[in-house]
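As structure tokens, the structure follows; a few thoughts come after it.
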Number of protein chains: 2
Amino acid sequence: MPRAGLAPAAVIAAGAELADEVGLAGLTMGLLAERVGVRTPSLYKHVDSLDALRRSIGLQAKREMGDALARACVGRSGADAVHAFADAWRRWVVAHPGRYAATVRAPAPDDEEGLLLADEVLQILFAVLSGFGLEGPRAIDAARMVRSALHGFASLESDGGFGFPRDIDRSYHYLVTTLIAGLRSPDPDPDA
Amino acid sequence: MPRAGLAPAAVIAAGAELADEVGLAGLTMGLLAERVGVRTPSLYKHVDSLDALRRSIGLQAKREMGDALARACVGRSGADAVHAFADAWRRWVVAHPGRYAATVRAPAPDDEEGLLLADEVLQILFAVLSGFGLEGPRAIDAARMVRSALHGFASLESDGGFGFPRDIDRSYHYLVTTLIAGLRSPDPDPDA
DNA sequence: GCGGTTGGCTAACTGTATTAGCTTATAGCT
DNA sequence: AGCTATAAGCTAATACAGTTAGCCAACCGC
């Protein structure tokens with residue numbers, strides 16, 4: 001009997017695809033084994049556990065998403081860059097809901113690779129916001145705000161949380177535009 | 001042997017408490033049974049399934065959270081009301097993480113009670129935003145924006161997603177203030 | 001070709017949700 | 001008070017997901 005010829009990377013890639021199809025919560029060892037043409041226990045030759053698999057999918061996804069975001073923002077600045085960042089973010093999340101869910105869980109304090117990748121995405125966001133003259137802690141506040149808004153919108157959208165028929169693209173565009181308007185308005189209390 | 005004297009409402013309430021302690025994902029029939037002093041299968045006399053239990057917890061939580069939000073906003077308007085709404089929102093989420101997680105899943109299209117309760121919370125938000133002169137679809141856009149931002153912030157916070165030591169309360173205050181500034185700025189394209 | 005390495009398998013165990021079917025406490029009626 | 005029907009609780013058993021142990025054979029390097 002010939003072997004399936006798996007490698008950890010292939011298992012993780014297949015897991016990421018499967019997670020996009022059935023949701024991160026629906027990703028199961030049995031399903032993944034069937035997908036890659038192998039019996040369930042064989043997966044453990046490539047992956048430590050389901051939890052470790054999810055973490056690996058998350059790491060890989062952070063890389064992919066970071067690349068997509070960085071590519072979308074090259075050569076742009078100010079409001080233009082924020083729109084490019086936000087649009088690329090949402091496009092990526094909609095295209096890869098399972099992977100995205102895997103990126104959300106914060107890395108453990110001792111997870112160096114996870115922390116590093118999270119920081120890389122954050123650096124892109126800081127660069128995008130650099131044109132708004134935000135100083136020190138305010139830059140962190142602004143990054144948290146943008147990330148919260150984009151994450152919240154994407155996660156509500158993928159949960160089907162928007163009931164009204166109002167066009168979701170337009171709502172998103174309004175969100176980003178209004179965020180930018182807020183970023184531009186004078187800081188009411190720069191010392192806070 | 002005397003009976004435990006349970007009722008569905010008591011089981012749901014205990015489940016909500018337990019979910020706040022161990023997380024919605026950690027809520028298990030066995031754990032809940034132990035908590036209410038009964039063997040696992042006995043719970044099925046009061047609840048249809050774990051999934052139904054989660055849904056019931058979510059419904060109850062929507063009621064409680066809606067009450068908290070409405071109470072926080074009485075007699076306020078404009079920026080004041082938005083701050084009150086946002087602060088009450090975050091306080092409630094931090095105090096009841098498990099319950100909040102149960103409220104997030106969008107109700108099924110045929111889940112009348114769920115849809116009704118979701119709508120009630122939305123109405124509070126519309127009332128809070130009524131002072132900003134938003135017309136028609138723009139009111140929906142604005143409500144989606146505020147909800148996305150608050151939900152995103154709360155969910156990232158409770159996932160431990162904010163790495164920096166920067167004070168989270170201040171970031172939240174900045175978020176709300178900046179959102180308000182954005183709401184006040186002129187609509188760049190009122191026809192969109 | 002030969003031998004170690006390692007991917008894959010079957011069998012078995014654990015924990016969780018759930019169902020079936022029995023027993024009996026208890027509420028309500030007479 | 002006694003009778004009865006309902007329903008709360010129990011034990012036993014099933015199904016399925018994750019995981020471990022231990023065997024076997026395909027492949028890689030010599």
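- Per the geometry, CG belonging to D48(A) stands 14 Å off C1' belonging to dG18(D), to the nearest Å.
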Just distance, no hydrogens or angles: give the donor-acceptor pairs under 3.5 Å from side chains in residues 66-76 of chain A, sequence neighbours left out.
{"unit_1": "R76(A)", "atom_1": "NE", "unit_2": "A72(A)", "atom_2": "O", "d": "3.2"}
{"unit_1": "R76(A)", "atom_1": "NH1", "unit_2": "D80(A)", "atom_2": "OD1", "d": "3.2"}
{"unit_1": "R76(A)", "atom_1": "NH1", "unit_2": "D80(A)", "atom_2": "OD2", "d": "3.4"}

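- Remark: S42(A) is not in phosphate contact with dG7(C), judged by side-chain N or O atoms under 4.0 Å from OP1 or OP2.
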Anything under 3.5 Å between a protein N or O and an N or O of nucleotides 15-17 of chain C, put it in a table, one pair a line.
{"unit_1": "dT16(C)", "atom_1": "O3'", "unit_2": "T28(B)", "atom_2": "OG1", "d": "3.1"}
{"unit_1": "dA17(C)", "atom_1": "OP1", "unit_2": "T28(B)", "atom_2": "OG1", "d": "3.1"}
{"unit_1": "dA17(C)", "atom_1": "OP1", "unit_2": "M29(B)", "atom_2": "N", "d": "3.4"}
{"unit_1": "dA17(C)", "atom_1": "OP2", "unit_2": "T28(B)", "atom_2": "OG1", "d": "2.8"}
{"unit_1": "dA17(C)", "atom_1": "OP2", "unit_2": "M29(B)", "atom_2": "N", "d": "2.9"}

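- Taking atom CZ of residue R39(A) and atom P of nucleotide dG7(C), one finds them 19 Å apart after rounding to whole Å.
- K45(B) places its NZ atom 16 Å from the P atom of dT18(C), with the value rounded to the nearest Å.
- The side chain of H46(B) places no N or O atom within less than 4.0 Å of a non-bridging phosphate oxygen (OP1 or OP2) of dA7(D).
- Under the ring-ring contact (aromatic ring centres under 6.0 Å, His included) criterion, F162(B) pairs with F153(B), sequence neighbours left out.
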Side-chain donor/acceptor pairs under 3.5 Å, residues 173-183 of chain A, sequence neighbours excluded:
{"unit_1": "T177(A)", "atom_1": "OG1", "unit_2": "H173(A)", "atom_2": "O", "d": "2.8"}
{"unit_1": "T178(A)", "atom_1": "OG1", "unit_2": "Y174(A)", "atom_2": "O", "d": "2.7"}

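- Clustering of Ile, Leu, Val, Met, Phe, Trp and Tyr by side-chain heavy atoms under 4.5 Å joins L117(A) with L59(A).
- Using a 4.0 Å cut-off between a side-chain N of Lys or Arg and a carboxylate O of Asp or Glu, R35(A) and E21(A) qualify as a salt bridge.
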Donor-acceptor pairs are to be reported for all side-chain atoms of residues 84-94 of chain A against protein atoms at under 3.5 Å, with residues two or more places apart or in another chain.
{"unit_1": "R90(A)", "atom_1": "NE", "unit_2": "E157(A)", "atom_2": "OE1", "d": "2.8"}
{"unit_1": "R90(A)", "atom_1": "NH1", "unit_2": "D169(A)", "atom_2": "OD1", "d": "3.0"}
{"unit_1": "R90(A)", "atom_1": "NH2", "unit_2": "E157(A)", "atom_2": "OE2", "d": "3.0"}
{"unit_1": "R90(A)", "atom_1": "NH2", "unit_2": "D169(A)", "atom_2": "OD1", "d": "3.0"}

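- Which of dT10(C), dC10(D), dG7(C) sits closest to the side chain of V38(B) comes down to dC10(D).
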